[in-house]
Amino acid sequence: MGQFIVRRTLYAIATLFILSLTIFLVVRLTGDPVTLLAEPGAQEEDLAVIRKDWGLDRPLPVQYAAFVKNVLTGELGQSFNYEMPVSTLYFQRLPNSLELALAATLISFLIGIPTGIISAVRVNSVWDHVGKTVALLGLSVPGFWLGLVMILIFSVWLGWLPTSGQGGWRNLIMPAVALGWYFAASLLRLTRSSMLEVLRSEYIKLARLKGLPAFAVIAVHAFKNALIPVLTLAGINLVIMLNAAVIIEVIFAWPGIGRLLYEGIFQRDFPLVQGIVMEAGVMIVVINLLVDILYAYIDPRIRLTR
Amino acid sequence: MQPDDGHSNRMALGRRSVLTGAASLAGLAAGVPGVSAAPQGKLTLAWHTNIAARWLDPQQHDGTASPDNFLMALHDGLIKNFRDQLYDHAALAERFEFAEDARSATFWLRPGTKFHDGSPVTPADVKWSYEHYRGAWGEVLREQTKAVEVVDDKTVRFQFKDPFLDFPILLGTANVCGAGWVVPAKYHQQVGSAGFLQKPIGAGPYRLVSQEPGVKLEFEAFADYYRPVGIKQLTMVSIPEAATRVAMLERGEADIIYFVPGELIDRVKNNPKLRLAPVVSGNWWLEFPGFQNPSSPFHDKRVRQAISLAVDRDAINNAECGGMGVVDGNWINNDVEYGMEWPKWPHDIAKARQLMAEAGFPNGFSVDWVTPTPNYYSRGERIVSQLQAIGIKSKLQVMERGVFLKRLQGGLKEWPGVQILFSATRIGGTWSNWYDSHFKCGGFNAKDFFCVKALDDMFEKYLASYDRNERKQLAEQIQRTMLEEYYFVPVFRHAFVNAIGPRVAANNWRDVFPTITTGYCYPWEDIRLV
């Protein structure tokens, strides 16, 4: 078990190294941030001063080393645009994104799991077709379109909900639905397929043969086992919703991390973009690592085969 | 610079030839008649992009049009653009004198003016703000300035090494330069640049109460401002999505919104409670990098003229701005010093085809790329489509804004082959800023694109001249030559379309957008609620 943990941890570190190098290089491929930091009439000397001020005149390996050092110390550097530490900005926005992501996760659970179960239990019935249609729509209707349509209906026409911004629970409904919609569809599909697999297993047949009520077979025996991959996906979904709800946060003017990422890209604020991507990467890698370790702990076959 | 922000009104520039710039005392008397001095109510502005922190500090003015929306609420300048005054409205200075020989300028501060922390605005603050200014045009000002002298407790004098005719324009144009905007020197030094961005203190009509960086600014009327302030609470919230901004206006969540794109104009227009504010803004024109090269098809003036004749400017204006832009003839706005009026260009496909044939292109030719200023890509598509009428086959090139700017600044090597740029800008102050940046050989956005020596020589003469009449003649001669030779092909001045909700007191949209040098709705203190 110890060897397995060490191996997986080394994989995680290697993944983060590759991620850090990739994001460091990719943001620089998009162009020179100095052209946006300088005034339009700036001369080459002015650009050189700005480049020096922000350390952009140093060789790339030196810049990368400084970036890694910042990441390791948890600093993530200084935002060009806000002249504030990236970590401060990130943690200012994190509670807002967490609020939205948790609400969207709840909505994706409420829609995805019951519908997935019903689809699996009533496979090839009308309910299953309804479920599959919901899944298809969830995966194919873009969140931004859904968001705008909801604003039009619920804010403008009906006047029930505020259009945007952060405030009370009413402000949360539309962005949470628009964000959770896609993830509800993916949960629905996974719940359905996972339930179908479990429902075909021998122990479920045995439970039925024992004369257990259908509800008990589904809720107690089948659902509990089908839930494991669903919860794993939900965990990853939560991290994605937390860090990458860019479009939804922009449409609903929600002051979260996705919006911060958009601002960073818009302003070519390298440290901000790098910092957010690294934070998201660390979250995903750490969650995956924990899940792997947990799986290995629960099922010894995993640590033997991997 | 993005062409988003601008104004609609045309003006007579004659009044600008003020040699002794004794500004009017209109500031004190400029309150809105018939309204109470006690501020009341709350107004929300939905801003159309992110809110950059640096816009809260005039010391970091980036030379674009965006910061002045915020500066005008939070800060104040010695003199400024205000309603129909281009640059010389007496603000923190109750009056100023610009010497006949243009070698000095003296400002007398308005008595009793304070910063938001209660400290007085002093000549020492003016001197510090000017000398430490590090934003757009800072280098030019430093090179030209010999000394800033605190004469007494209300007087400050700027002395220049040579006659500096553009000084008042630079100092007083909020969307060009921030050096004349006064910050509290001691506080700025105490908290530093980054600290100032978090808690800026100014001398403007509104003090900042709180901010969510990049997202929202909450202001409150400054009781000690020298003019009456109409509204007690002012909120500026960043809403990048246009449909959301319009929905906010429809629901009354916002009272004023900036930038309604073409596809949403009718929705606002058809709502009787709302009012469009189509502020005519920056100019759009076609340019042909490398036309000086004899191998370029654009080397022949007849080809450039044919392109001008082939462009249906009214159609572009109608489609892109609901017809609310202005189809004029110059590529330089007429609201800057020496910016010329020029008649509308004709649209005549038959004559264009004839000119193409005479130039040796009866069947047209291929253009590698037509590249519009990002992110107005649909405008480029219209040009691509219209040029097909005279046989010019081209493709649209879409670029992210930062990449576009970077490639512009790289010169011709970044634009190989046959290229057309559909450029746009909105620069305040004086016509020479436009020429210097966009046409002059080596200019920041022109580099080696054009290099017409005769015009550049004339421009050098213009810069060296201290004779205002001569400068005006040279400015007009250069502009006339550029237009008559079709070096640039002006297309239209687009409308920066804003909208106003029912709670804002206004007989027409110009009551809310009275300042002719901007697309924004300042002076903020003059806005009232019904």
Side-chain angles (χ1 to χ4, degrees), chain A residues 29-47 49 78-85 88-89 92-93 96 144 147-149 151-152 154-157 159 161-166 247 249-256 259-260 262-269 272, chain B residues 1 46 49-54 57 60-64 134-140 176-177 192-198 212-216 237-241 243-251 253-254 267 400-409 425 427 433 436-437 443-445:
Chain A
L29 285 178
T30 62
D32 185 355
V34 175
T35 53
L36 287 185
L37 292 170
E39 72 273 19
Q43 301 299 310
E44 195 50 47
E45 309 87 73
D46 303 318
L47 302 184
V49 170
Q78 188 90 350
S79 157
F80 291 158
N81 180 35
Y82 294 104
E83 297 193 22
M84 286 171 75
T88 305
L89 283 165
Q92 269 179 3
R93 302 280 184 102
N96 304 335
F144 73 87
L148 291 174
V149 168
I151 288 175
L152 195 64
F154 296 105
S155 297
V156 178
W157 291 351
L161 298 170
T163 57
S164 58
Q166 197 191 20
I247 304 290
E249 289 189 3
V250 168
I251 284 173
F252 290 100
W254 188 267
R259 171 95 186 263
L260 190 64
Y262 168 81
E263 289 160 17
I265 293 167
F266 183 76
Q267 300 281 348
R268 196 155 294 123
D269 193 337
L272 191 58
Chain B
M1 186 184 296
T49 67
N50 298 305
I51 298 173
R54 65 175 180 276
D57 184 0
Q60 300 189 44
H61 198 301
D62 56 17
T64 67
R134 58 191 184 286
W137 295 92
E139 276 307 308
V140 173
V176 171
C177 172
S193 169
F196 193 83
L197 293 183
Q198 309 315 315
E212 291 174 42
V215 175
K216 190 197 272 187
V237 57
S238 159
I239 309 289
E241 172 55 43
T244 310
R245 288 196 299 279
V246 171
M248 286 178 76
L249 194 71
E250 289 171 327
R251 265 181 57 82
E253 291 174 18
R267 193 165 133 193
E400 192 270 334
R401 182 174 166 242
V403 177
F404 176 77
L405 291 175
K406 182 69 184 164
R407 285 186 60 182
L408 273 189
Q409 290 148 23
T425 198
I427 308 176
N433 296 341
D436 186 82
S437 174
F444 193 68
N445 289 314

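Labels below follow one simple rule: chain letters A, B, ... track the order of the sequence lines, proteins then strands, and each chain is numbered from 1. When reading the values below, keep in mind they use all heavy atoms of this one structure, side chains included, and skip hydrogens, waters and symmetry mates.
Contacts of A:Ile251 with chain B are made by both backbone and side-chain atoms, with heavy-atom separations under 4.5 Å. For B:Ile51, the part lying under 4.5 angstrom from a heavy atom of chain A is the backbone only.
Contact annotation: the side chain of A:Thr163 never approaches that of B:Glu250 to less than 4.5 Å [non-hydrogen atoms, C-beta and beyond]. A 4.5 Å side-chain heavy-atom check between A:Arg259 and B:Ser238 finds at least one atom pair inside the cut-off. A:Arg93 has its side chain within reach of B:Val215: a pair of non-hydrogen atoms, C-beta onward, lies under 4.5 Å apart. In this structure, the side chains of B:Arg267 and A:Val156 come closer than 4.5 Å at one or more pairs of heavy atoms.
Ranked by heavy-atom pairs under 4.5 Å with chain A, the list B:Ala243, B:Gly214, B:Ala254 is led by B:Gly214. Across B:Val237, B:Leu197, B:Ile239, the residue that shares the most heavy-atom pairs under 4.5 angstrom with chain A is B:Leu197. Note on B:Glu253, B:Met248, B:Glu241, B:Gln198: by heavy-atom pairs under 4.5 Å with chain A, the leading option is B:Glu253. Between chain B and the options A:Gly165, A:Gly147, A:Ala253, A:Ser164, the largest number of non-hydrogen pairs under 4.5 Å is found for A:Ser164. By number of non-hydrogen pairs under 4.5 angstrom with chain B, the leading residue of A:Leu89, A:Asp269, A:Leu148 is A:Leu148.
Applying the salt bridge (Lys or Arg N to Asp or Glu O under 4.0 Å) test to B:Glu139 and every residue at least two apart in sequence or in another chain returns B:Arg142. Residues passing the side-chain hydrogen bond (donor to acceptor under 3.5 Å, both in side chains) test with A:Glu83 are B:Gln60, B:Ser193, sequence neighbours excluded.
Rounded to the nearest 0.5 Å, atoms CG (A:Leu161) and CZ (B:Arg251) are 7.5 Å apart.
When every heavy atom of A:Asn81 is checked against every heavy atom of B:Ala53, the shortest pair comes out as O-CB, 3.6 Å.
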